Number of protein chains: 2
Amino acid sequence: MKRKRSYSRVTQHALSLLGKLIRVGRTERGMTAQELADRAGISRTTLYSIERGSTGPEVGVVFEVAAIVGVRLFQCDERTLAMHNAHLDEKLTLLPQSVRSSGKEVDDDF
Amino acid sequence: MKRKRSYSRVTQHALSLLGKLIRVGRTERGMTAQELADRAGISRTTLYSIERGSTGPEVGVVFEVAAIVGVRLFQCDERTLAMHNAHLDEKLTLLPQSVRSSGKEVDDDF
DNA sequence: TTAGTATGTTCAATAAATTGGACACGAACT
DNA sequence: AGTTCGTGTCCAATTTATTGAACATACTAA
């Protein structure tokens, strides 16, 4: 079966933006594409498609590259990241483990 | 050649966090995993691995799923996203188009 | 200007993700 | 209680991304 997908504009814009942020970050740090690719453990070809904002590359790789050039996805450091993680774990235990018909609104900051 | 990769903690934490945010968002909206998967045009299996914070899934798909359940990656709407995009385009034209490799120091502060 | 690199971009071979199916288990509803 | 449905998780077949090589172009420093 063919795997044809569509991506919303938000997604495309977000990816395009991320790619540009990575490119700017890389250039500002004086790294060549090859250097950054080596550091992230990927090929220059893949980095190229990431900087182009392609939808295909693996999340892990994209996040890694972003981290290397100082682009923080959640605008916070690792400590804060871990903290939010822990907090969400709590929250997840409070939510119903299985969605039946219609669960509703809980609200939380962040 | 086998593709063995390593992921920094920041990346792992970010992915873990994102997965949890997606799961919380989905649950709060009363969607089943299958519903969200259908909506994103992916299989439940893939959504599962996204919610688990796997590094493998495609960025595009992960971003799409996030968007559907209301998780904003850059903490802003599509308008702002497009604006930042345009701004970065300007910035990119100002930066040198090519980086000279000079064995320069890069600080990995993450 | 020229030599030496960095980048844009393509492509076939290879490695890996995605898929639907399957199953057990647990939670929610009557 | 029993039953239905959502989830956790594994799998082989299929679809896809990744890679390294290759090349042209474009930029930077001498």
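Throughout, protein chains are lettered first and strands after them, A, B, ... in sequence-line order, and every chain is numbered starting at 1. As the structure is a computational prediction, the values presented were derived from the model and not from experiment.
- With hydrogens and angles ignored, a donor-acceptor pair closer than 3.5 Å exists between the side chain of A/Arg44 and the base of C/dG8.
- Considering only heavy atoms from C-beta on, A/Thr55 stays 4.5 Å or farther from B/Glu64 through its side chain.
- Nearest-nucleotide positions on DNA chain C for A/Gln34 and B/Thr46 put A/Gln34 closer to the 5' end.
- Residue order along DNA chain C, read from the 5' end via each residue's closest nucleotide, puts A/Glu51 first among A/Glu51 and B/Gly41.
- Residue-level contact check: B/Thr32 touches the backbone only, with heavy atoms under 4.0 Å from sugar-phosphate atoms and none from bases.
- The listed nucleotides are D/dC27, C/dG21, D/dT16; the one nearest the side chain of B/Glu58 is D/dT16.
- Between C/dT9 and A/Tyr48, a contact under 4.0 Å exists linking OP1 or OP2 to a side-chain N or O.
- Within the 4.0 Å cut-off from OP1 or OP2 of C/dA13, not a single side-chain nitrogen or oxygen of B/Arg3 is found.
- At the heavy-atom level, B/Gly60 lies nowhere under 4.0 Å from the strands shown.
- Annotation: side chain of A/Arg5 is in contact with side chain of B/Ile42 (closest heavy-atom distance under 4.5 Å).
- Contact annotation: A/Arg5 does not reach the phosphate of C/dA17 (side-chain N/O to OP1 or OP2, under 4.0 Å).
- No side-chain heavy atom of B/Leu15 sits less than 4.5 Å from a side-chain heavy atom of B/Tyr7.
- Counted by atom type alone, B/Thr46 and B/Ser49 present zero donor-acceptor pairs between their side chains at under 3.5 Å.
- At the phosphate of D/dG8, OP1 or OP2 sits under 4.0 Å from a side-chain N or O atom of B/Arg23.
- In this model, the phosphate group of D/dC27 is not approached by any side-chain N or O of B/Ser98 to a distance below 4.0 Å at OP1 or OP2.
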